[in-house]
Amino acid sequence: MGKKNELQQKLEEKYDKFSKGQKKLADFIRKDYDKAAFLTAARMGEEVGVSESTVVRFAMALGYEGYPEFQKALGELVRMKLNSIQRMEVTYGRISQSEILSVVLQSDIEKIKLTQAAMDHEAFELAVDTILNARKVYVIGIRSCAPLADFLAFYLHPVCENVTAVNTNSSSEIFEQLIRIDERDVIIGISFPRYSMRTLKALEFASNRKAKVITITDSIHSPMTLYSSCNLIARSDMASIVDSLVAPLSVVNALVVALCMKKQDEVIKTLETLEEIWDEYQVYSKDELNMVGEKVEITDPWESEGESHE
């Protein structure tokens, strides 16, 4: 799929001359390049089982001036590997227009099956209990993951007393909202390739403040797992220009259902109270669709105001 980038070529050309530790690093980068791009030299050393100085010397052995330049090359490798257009051409290039719907739906079905087969049920139960016992729940997801985060936060409100969907317009805003997070709280970070550095920094900050960290991501090798005590893994292999977030959404749905089952009485009471409030303040009176017999009728906004519009 196109030419190899500079870093890949260097790894191949120099591999035979590498020391044992350098070969370990090269193997790690080949396999988990998307995670490696986020790591400091010290953290990469920990992952592979070599010293920080070995990592720095490895970068220089590849011809880079130092680790920062090497990390930049790693970032370029990630961008190349996750080239959406190339991947779309390979996956859908030979599929006729009439087959696209069934092929994409089938692909999403497979991702849900793979997610179901590999799900860590202990981690799932831990996530449910952690959320139930938290003073405050923060949810963060950026770019294509933002709808997932908003969806989860929306459905957590009837279950948990204090839920914040972290506004992610800028890094400064993120930290302003997390400033009071501590060991009594939990943050749920949602991130899939391309991974978000802002989400990672938010999880790091929360972890440093001793908060519980739950991640919903695509792999145990995802950089999001660096600060997490509980990982919910959902398959999302991006096979086109669109990220497939069907399996992650199913995991989010399962979380919400499990939480509701554990707090049935409180959830029912909350929903009953909301129904009363909606009726009292006519929240839905002007845009409701009602079934009347077999027909759908919309509530007339003029009627509710007692005015004629003829």
Exercise for review: Would you tell me whether D218 and Y195 have side-chain atoms, one donor and one acceptor, within less than 3.5 Å of each other?
Suggested key: yes
Exercise for review: Compute the ring centroids of F70 and Y67, then answer whether they are less than 6.0 Å apart.
Suggested key: yes
Review point. Under the side chain to side chain donor-acceptor pair (under 3.5 Å) test, which residues partner D27, sequence neighbours left out?
Key: Y15
Practice item. Could you tell me the separation between the CG atom of L232 and the CG atom of L255, rounded to the nearest 0.5 Å? Key: 5.5 Å
Check your understanding: Cut-off 3.5 Å, side chains only: do S53 and S51 have a donor facing an acceptor?
Key -> yes
Point to revise | S228 (side chain) donor-acceptor with V213 (main chain) under 3.5 angstrom | key: yes
Review point. Looking at D185 and R209, does any basic side-chain N land under 4.0 Å from a carboxylate oxygen?
Key: no
Point to revise | Between N231 and T225, a side-chain donor and acceptor under 3.5 Å | key: no
**Study point:** Main-chain N/O of T217 paired to T215 side chain as donor or acceptor, under 3.5 Å
**Key:** no
Review point. Would a distance-only check, ignoring hydrogens and angles, find a side-chain to backbone donor-acceptor pair under 3.5 Å from K212 to I187?
Key: no
Check your understanding: Are F175 and L203 grouped together when hydrophobic residues (ILVMFWY) are joined by side-chain heavy atoms under 4.5 angstrom apart?
Key -> yes
Under 3.5 Å, which donor-acceptor pairs link side chains of residues 55-65 to any protein atom two or more places apart or in another chain?
none

Revision key, fill the gap. Shortest non-hydrogen pair, S191 vs C145, comes out as CA-SG, 3.9 Å
Point to revise | E69, CD atom: more than 12 neighbouring heavy atoms under 6.0 Å | key: yes
Point to revise | With sequence neighbours excluded, residues passing side chain to side chain contact (heavy atoms under 4.5 Å, CB included) with L105 | key: L101
Review point. Within a strict 4.5 Å, meaning less than it, do heavy atoms of the L245 and L148 side chains meet?
Key: yes
**Study point:** Separation between NZ of K23 and NZ of K14, rounded to the nearest 0.5 Å
**Key:** 14.5 Å
Review point. So, S196 side chain and R198 main chain: donor-acceptor pair closer than 3.5 Å or not?
Key: yes
Practice item. Assess whether side chain to side chain donor-acceptor pair (under 3.5 Å) is satisfied between N253 and S250, documenting all intermediate values. Key: CA-CA 5 Å; N253 282 341; S250 288; 5.2 Å; no
Practice item. Could you check if a side-chain atom of T115 sits within less than 4.5 angstrom of a side-chain atom of I233, using non-hydrogen atoms only? Key: no
Point to revise | Pair K201 + E204, salt bridge at N-O below 4.0 Å | key: yes
Check your understanding: Would you say K113 has more than 12 foreign heavy atoms packed within less than 6.0 Å of its NZ?
Key -> no
Check your understanding: Going by atom types only, do Q177 and E173 share a side-chain donor-acceptor pair under 3.5 Å?
Key -> no
